[in-house]
Amino acid sequence: MKLTALASIGAALMLLIGCGSKNLTRGKAADLIKNAEFAGDELKAKQEEYTLTLQSDHWVMNPDEEKRALRGVVASGWVNADFHRCAHQGLGFGEAICLQTTLTDKGRQASKSWNKLQFGGWKLITSTAELIEVTGISTPTATEAEVEYTWRSVPTDDGKALGIPASKTRTASADLQLFDDGWRVSR
């Protein structure tokens, strides 16, 4: 019983000392940066999106370019793309190449988790940001620190289905300020 009480007191003291400590470790800096730069609106700003709209006999000027643009959604099995000859009125070309895109059964199932757009189509989050590691801490004063870190974009499940790879590692920095209750990322 005494051993359990001493262990609980010791753990509480370590937690208090660690959270309010003036020492800035790489681990503590990483946690602060994750909470400030890789969450909420800051994370949303780093996310990449893909807008998917379906076409119904849409006239196509450059079929090869359209095929390249649709390659990921067709390869994912979400969309069927049908390029065909069609009469397109009003352009004076007579016959044209048209595109019809439709969701497959797999696409209809996947679209249940996509963000539906007001005027048709969907917005898919294809990648999000991930902090890799804190690579250095510089403390020009006792209450200021500049923290360098690496991060990258990583594909979401939808991004993986579209064949989007992780980005190369990027380097960034954050300024931290020591307050009476501990370190914070300063804006």
Side-chain angles (χ1 to χ4, degrees), residues 18-19 23-55 58 60 62-83 99 101-140 144-177 182-187:
C19 291
N23 296 329
L24 181 61
T25 65
R26 288 184 181 201
K28 187 186 298 186
D31 288 342
L32 291 167
I33 291 168
K34 279 180 193 174
N35 291 332
E37 301 293 328
F38 294 87
D41 290 340
E42 294 294 327
L43 178 62
K44 285 180 185 175
K46 291 178 177 72
Q47 291 176 332
E48 295 174 19
E49 302 172 350
Y50 177 85
T51 301
L52 173 62
T53 55
L54 299 178
Q55 306 295 329
H58 170 74
V60 177
N62 187 338
D64 290 336
E65 187 176 309
E66 290 287 337
K67 287 176 185 175
R68 276 193 298 280
L70 290 169
R71 187 178 337 171
V73 291
V74 170
S76 72
W78 294 336
V79 171
N80 285 323
D82 175 37
F83 289 89
L99 168 63
T101 52
T102 55
L103 286 179
T104 63
D105 289 340
K106 183 177 178 181
R108 279 188 286 283
Q109 185 65 31
S111 71
K112 292 175 183 177
S113 67
W114 300 338
N115 298 319
K116 185 97 169 128
L117 298 174
Q118 182 178 357
F119 300 106
W122 299 267
K123 180 175 71 173
L124 291 71
I125 304 300
T126 58
S127 69
T128 190
E130 158 184 272
L131 176 73
I132 298 171
E133 71 175 327
V134 169
T135 56
I137 299 174
S138 169
T139 50
E144 297 175 318
E146 183 176 317
V147 179
E148 291 186 1
Y149 61 93
T150 55
W151 69 282
R152 67 180 174 185
S153 291
V154 292
T156 60
D157 288 342
D158 289 337
K160 289 175 188 172
L162 293 173
I164 295 173
S167 73
K168 293 183 179 181
T169 300
R170 301 171 185 166
T171 303
S173 64
D175 295 324
L176 276 66
Q177 179 81 38
W183 288 94
R184 296 184 208 163
V185 175
S186 55
R187 301 267 174 213

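The first residue in the sequence is number 1, and the count goes up from there.
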- request: Compare every heavy atom of L24 with every heavy atom of A145, then report the nearest pair and how far apart it is.
  value: CB-CD2, 3.6 Å

- prompt: For the residue pair V79 and L103, what are the closest heavy atoms and their distance?
  reply: CG2-CD2, 4.1 Å

message: Give me the atom names and distance for the closest heavy-atom approach of A69 to Y50.
response: O-OH, 3.9 Å

message: So E48 and P155, do their side chains get closer than 4.5 Å, heavy atoms only?
response: no

field: Gap separating the CG atom of L131 from the CG atom of L43, nearest 0.5 angstrom
entry: 11.5 Å

query: Which atoms form the tightest heavy-atom contact between F83 and K67, and what is the distance?
result: CE1-CG, 3.4 Å

- prompt: So, do T102 and L54 sit near enough that their side-chain heavy atoms are less than 4.5 Å apart?
  reply: no

message: If you take the centroid of each ring, where Trp contributes its six-membered ring, are W78 and W122 closer together than 6.0 Å?
response: no

query: Minimum heavy-atom separation for R26 to T135, with atom names?
result: NH2-O, 3.0 Å

- request: Would you name the heavy atoms of T169 and R152 that are closest together and state the gap between them?
  value: CA-CB, 4.4 Å

query: Distance from T104 atom OG1 to N80 atom CG, nearest 0.5 Å?
result: 6.0 Å

- line: Partner of V147 under side chain to side chain contact (heavy atoms under 4.5 Å, CB included), picked from L176, V185, L32, is L176

From CD (E148) to CD1 (I33), nearest 0.5 Å: 10.0 Å

- request: Kindly indicate whether the side chain of Q177, heavy atoms from C-beta on, has any atom under 4.5 Å from the side chain of E144.
  value: yes

task: Calculate, to the nearest 0.5 Å, the distance between atoms CD and OG1 belonging to E130 and T150 respectively.
output: 9.5 Å

query: Mind checking whether D31 and K28 have side chains closer than 4.5 Å, heavy atoms only?
result: no

field: Whether S127 side chain and S153 backbone form a donor-acceptor pair below 3.5 Å
entry: no

statement: When rounded to the nearest 0.5 Å, the distance separating CD of E66 from CG of L99 is 6.0 Å

field: Ion pair K46/E37, N-O distance below 4.0 Å
entry: yes

field: Reported CG-to-CG distance for the pair D158 and L124, which is rounded to 0.5 angstrom
entry: 4.5 Å

query: Is it the case that more than 12 heavy atoms not belonging to K116 sit under 6.0 Å from its NZ atom?
result: yes

message: If you count heavy atoms of other groups shown closer than 6.0 angstrom to CG of D157, is the number above 12?
response: no

